Each structure stands twice: as C-alpha cells, then as structure tokens.
Amino acid sequence: MFKPNLTTHELLQDYTAKVVEITTRKAKKEFNNSTDVSEFPSLVKLVITNDTKNINDGQTIFVKLKSADNLTIGDIIDFQSAQIVNGVVHFWARKGYVNVSIKGDTINVVK
C-alpha cells in the first residue's frame, strides 16, 4: 500500500485560509471514534482564500485539534508563517475517494 509521508507544513505551506467554523466533535459509535474525539476534540473548518499555485482556491479543509482556544471565526491563517503544532497528515479512502485527515495540538497563528 502506498503511504505518502507529508508534514502539515509541506501540505499547507502554499495556502492562506480563513477560519469559518469551530466546533466540538462528538463521538459516534458507528465510526468507533471515541478515542480520536477525546484526543482531538476541536474541529476547525478552513476555506482556502489564497493558493500560490491557483489550484485549491475556495476549497474547504478540516483540521482536528487538541485545542482551538486561540482561534476565532474570521481569522486569516497564512501557512507560510503559521504552523500546526505536532501536526500529522493521513490519507484514507472510502468508496473510491481519497480523503486527507489533518490533526495537531493547535495552530500557531501570527496575528
């Protein structure tokens, strides 16, 4: 099985994104995700507002975090300078679609 090995910085460095939603995740028995939800309780929805390669402008990405306390809706995050602390990237597939899972402790935002 092919497993790409990317850091969150490598994946996101060309993007600027806007925080559009911050929610608290809920465990669901059918997904068997209670451990993951307890470790990463915050879900941050970002919309890419600038892609230096003009490929993913307007796309939505989700980041699961241990804490989103330093973020507010409307924050602009420039991933050339911002970092997802202890960020990891995983790819997974379901029904023929490849998805990306991004997780980390928090996002260090330069305000």
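These numbers were taken from a predicted model, which means no experiment stands behind them.
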Query raised in the report: Where do Asp51 and Gln59 land on the side chain to side chain contact (heavy atoms under 4.5 Å, CB included) test, with the steps shown first?
Result: CA-CA 10 Å; Asp51 173 1; Gln59 294 297 315; over 6 Å; no
Taking all non-hydrogen atoms of both residues into account, name the closest pair between [X] and [Y] and its distance.
X: Lys64; Y: Ser101; value: NZ-OG, 4.2 Å
X: Ser42; Y: Lys66; value: OG-O, 4.5 Å
X: Thr49; Y: Lys18; value: CG2-CB, 3.8 Å
X: Lys103; Y: Thr8; value: O-CG2, 4.5 Å
X: Phe79; Y: Ala17; value: CE1-CB, 4.2 Å

I'd like to know if [Y] and [X] are part of one continuous hydrophobic network [Ile/Leu/Val/Met/Phe/Trp/Tyr, side-chain heavy atoms within less than 4.5 Å].
X: Ile102; Y: Ile107; result: yes
X: Leu65; Y: Val109; result: yes
X: Ile76; Y: Val44; result: no
X: Ile22; Y: Leu12; result: yes

Query - With Lys53, the side chain to side chain contact (heavy atoms under 4.5 Å, CB included) member among Asn56, Ile55, Asp57 - result: Ile55
Pairs under 3.5 angstrom only: tabulate donor-acceptor contacts from the side chains of residues 80-97 to other protein residues two or more places apart or in another chain.
unit_1	atom_1	unit_2	atom_2	d
Ser81	OG	Asp78	O	3.4
Gln83	NE2	His9	ND1	3.1
Asn86	ND2	Asp105	OD2	2.5

Query raised in the report: Is there side-chain contact between Val19 and Thr72, with heavy atoms separated by less than 4.5 Å?
Result: no
Query raised in the report: Is the shortest heavy-atom distance from the side chain of Val100 to the side chain of Leu11 under 4.5 Å?
Result: yes
Report summary line: Rounded to the nearest 0.5 Å, the OH atom of Tyr15 sits from the CG atom of Leu46 at a distance of 12.0 Å
Query raised in the report: Which distance, rounded to the nearest 0.5 Å, do you find between the CD1 of Ile77 and the CD1 of Ile48?
Result: 11.5 Å
**Report entry** Residues that, via side-chain heavy atoms closer than 4.5 angstrom, fall in one hydrophobic cluster with Val20
**Finding:** Val47
Query raised in the report: Going by side-chain heavy atoms closer than 4.5 Å, which hydrophobic residues are tied to Phe62, directly or by a chain of links?
Result: Leu43
Query raised in the report: Has Asn99 got more than 12 heavy atoms of other residues, nucleotides or ligands less than 6.0 Å from its CG?
Result: yes
Requested in this report: Check for a donor-acceptor pair, side chain of Thr106 on one end and backbone N or O of Ser67 on the other, with a separation under 3.5 Å.
Outcome: yes
Report task. Please report the C-alpha distance between Lys45 and Thr23 in whole Å, then the side-chain angles of each, then the deciding distance to 0.1 Å, and finally whether the side chain to side chain contact (heavy atoms under 4.5 Å, CB included) criterion is met. Result -> CA-CA 8 Å; Lys45 180 179 180 180; Thr23 58; over 6 Å; no
